[in-house]
Amino acid sequence: MTPETRRAPRMQVPELVPVRDQMTESMIGRLGNISETGMLIIASGPLQEDALYQLQFGIPDGRGGQQLIDVGAHLLWRVPTHAPDQFWAGFRFLTLDATQREQLVRWIEDSLPSA
């Protein structure tokens with residue numbers, strides 16, 4: 001197993017978390033993994049590499065509901081998966097509200113295994 005070398009801990013997302021493009025109002029994929037600074041999605045829609053996106057996804061709010069997270073994101077790369085018409089897409093967050101960032105960090109920290 002390769003040790004984690006990223007600055008922000010990255011969490012594998014085991015449940016289905018859809019990711020929505022707010023500009024086109026369409027679902028573009030689902031979360032694969034996420035950190036405070038970016039995410040990997042399994043995309044099922046067309047995305048333009050090196051483009052900017054306004055994305056939204058929901059995370060547990062700790063009270064049995066969901067907190068919607070809105071991010072401005074830069075698509076850094078994308079590569080095909082083994083499934084037809086799907087690919088991995090790596091995003092870096094450019095904008096994220098401070099309150100939503102705190103909620104996201106709490107969700108990640110609560111989900112990561114204890115060291």
Side-chain angles (χ1 to χ4, degrees):
M1 184 164 155
T2 305
E4 179 66 53
T5 58
R6 294 181 180 101
R7 290 182 202 147
R10 191 162 287 255
M11 175 187 85
Q12 296 298 319
V13 180
E15 63 270 4
L16 179 65
V17 178
V19 177
R20 182 175 163 266
D21 181 333
Q22 293 187 63
M23 302 305 287
T24 63
E25 298 183 359
S26 62
M27 293 299 167
I28 60 166
R30 65 179 177 86
L31 285 179
N33 66 45
I34 191 162
S35 76
E36 176 183 356
T37 59
M39 66 183 174
L40 174 122
I41 70 168
I42 298 126
S44 53
L47 295 175
Q48 183 64 41
E49 211 168 311
D50 197 32
L52 302 178
Y53 288 88
Q54 191 64 36
L55 304 174
Q56 183 179 70
F57 53 91
I59 64 171
D61 67 2
R63 299 181 305 257
Q66 275 203 334
Q67 166 72 43
L68 290 178
I69 304 293
D70 298 307
V71 297
H74 177 212
L75 178 59
L76 299 173
W77 56 267
R78 65 188 183 118
V79 296
T81 68
H82 295 294
D85 300 322
Q86 287 190 340
F87 52 91
W88 303 105
F91 288 90
R92 174 177 56 106
F93 296 154
L94 300 174
T95 61
L96 176 57
D97 175 80
T99 303
Q100 291 182 0
R101 181 180 301 276
E102 289 173 15
Q103 185 82 21
L104 178 61
V105 168
R106 191 171 321 114
W107 180 52
I108 293 168
E109 288 174 349
D110 290 349
S111 300
L112 290 173
S114 299

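The figures that follow rest on heavy atoms only: side chains count, while hydrogens, waters and symmetry mates do not. The shown structure was predicted, so the numbers you read here are calculated from the model rather than taken from an experiment.
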Beyond-backbone contact of M39 with V19, side-chain heavy atoms, under 4.5 angstrom:
yes

Would V79 and L76 show up in the same hydrophobic cluster when neighbours are defined by side-chain heavy atoms closer than 4.5 Å?
yes

Minimal heavy-atom distance between M27 and P18, with the atoms involved, is SD-CB, 3.8 Å

Nearest heavy-atom contact between L75 and L47 is CD2-CB, 3.7 Å

Sequence neighbours excluded, every pair satisfying side-chain hydrogen bond (donor to acceptor under 3.5 Å, both in side chains) that has a member inside residues 75-101
H74-R92

L96, L55: one ILVMFWY side-chain cluster at the under-4.5 Å cut-off?
yes

N/O donor to acceptor pairs below 3.5 angstrom from side-chain atoms of residues 64-72, sequence neighbours left out:
{"unit_1": "D70", "atom_1": "OD1", "unit_2": "Q22", "atom_2": "NE2", "d": "2.9"}
{"unit_1": "D70", "atom_1": "OD1", "unit_2": "Q56", "atom_2": "NE2", "d": "2.7"}

Under the salt bridge (Lys or Arg N to Asp or Glu O under 4.0 Å) test, residues paired with D61 that sit two or more places apart:
R63

What I'd like to find out is whether the side chain of W107 reaches to under 4.5 Å of the side chain of I34, using heavy atoms alone.
yes

In short, P9 meets S35 closest at the heavy-atom pair O-CB, 3.2 Å

Holding to side chain to side chain contact (heavy atoms under 4.5 Å, CB included), I want the full list of residues that pass it with Q48, two or more places apart in sequence or in another chain.
A51, Y53

Can you get from L31 to L40 by hopping between Ile, Leu, Val, Met, Phe, Trp and Tyr side chains that sit under 4.5 Å apart?
no

How close do A8 and T37 get, counting heavy atoms only, and between which atoms?
CB-OG1, 4.0 Å

Which heavy atom of A73 sits nearest to which heavy atom of F91, and what is that distance?
CB-CD2, 3.7 Å

Quick one: do V17 and F87 end up in the same hydrophobic cluster if we chain Ile, Leu, Val, Met, Phe, Trp and Tyr together by side-chain heavy atoms under 4.5 Å apart?
yes

Give the other cluster members for M23, using side-chain heavy-atom distances under 4.5 Å between Ile, Leu, Val, Met, Phe, Trp and Tyr residues; answer none if it is isolated.
none

Please walk me through it: do F93 and L104 pass side-chain contact (heavy atoms from CB on, under 4.5 Å)?
CA-CA 12 Å; F93 296 154; L104 178 61; 4.0 Å; yes

Got a sec, which pairs hit salt bridge (Lys or Arg N to Asp or Glu O under 4.0 Å) with one end in residues 14-33, sequence neighbours left out?
none

Taken to the nearest 0.5 Å, the spacing of Q12 CD from I108 CD1 works out to 11.5 Å

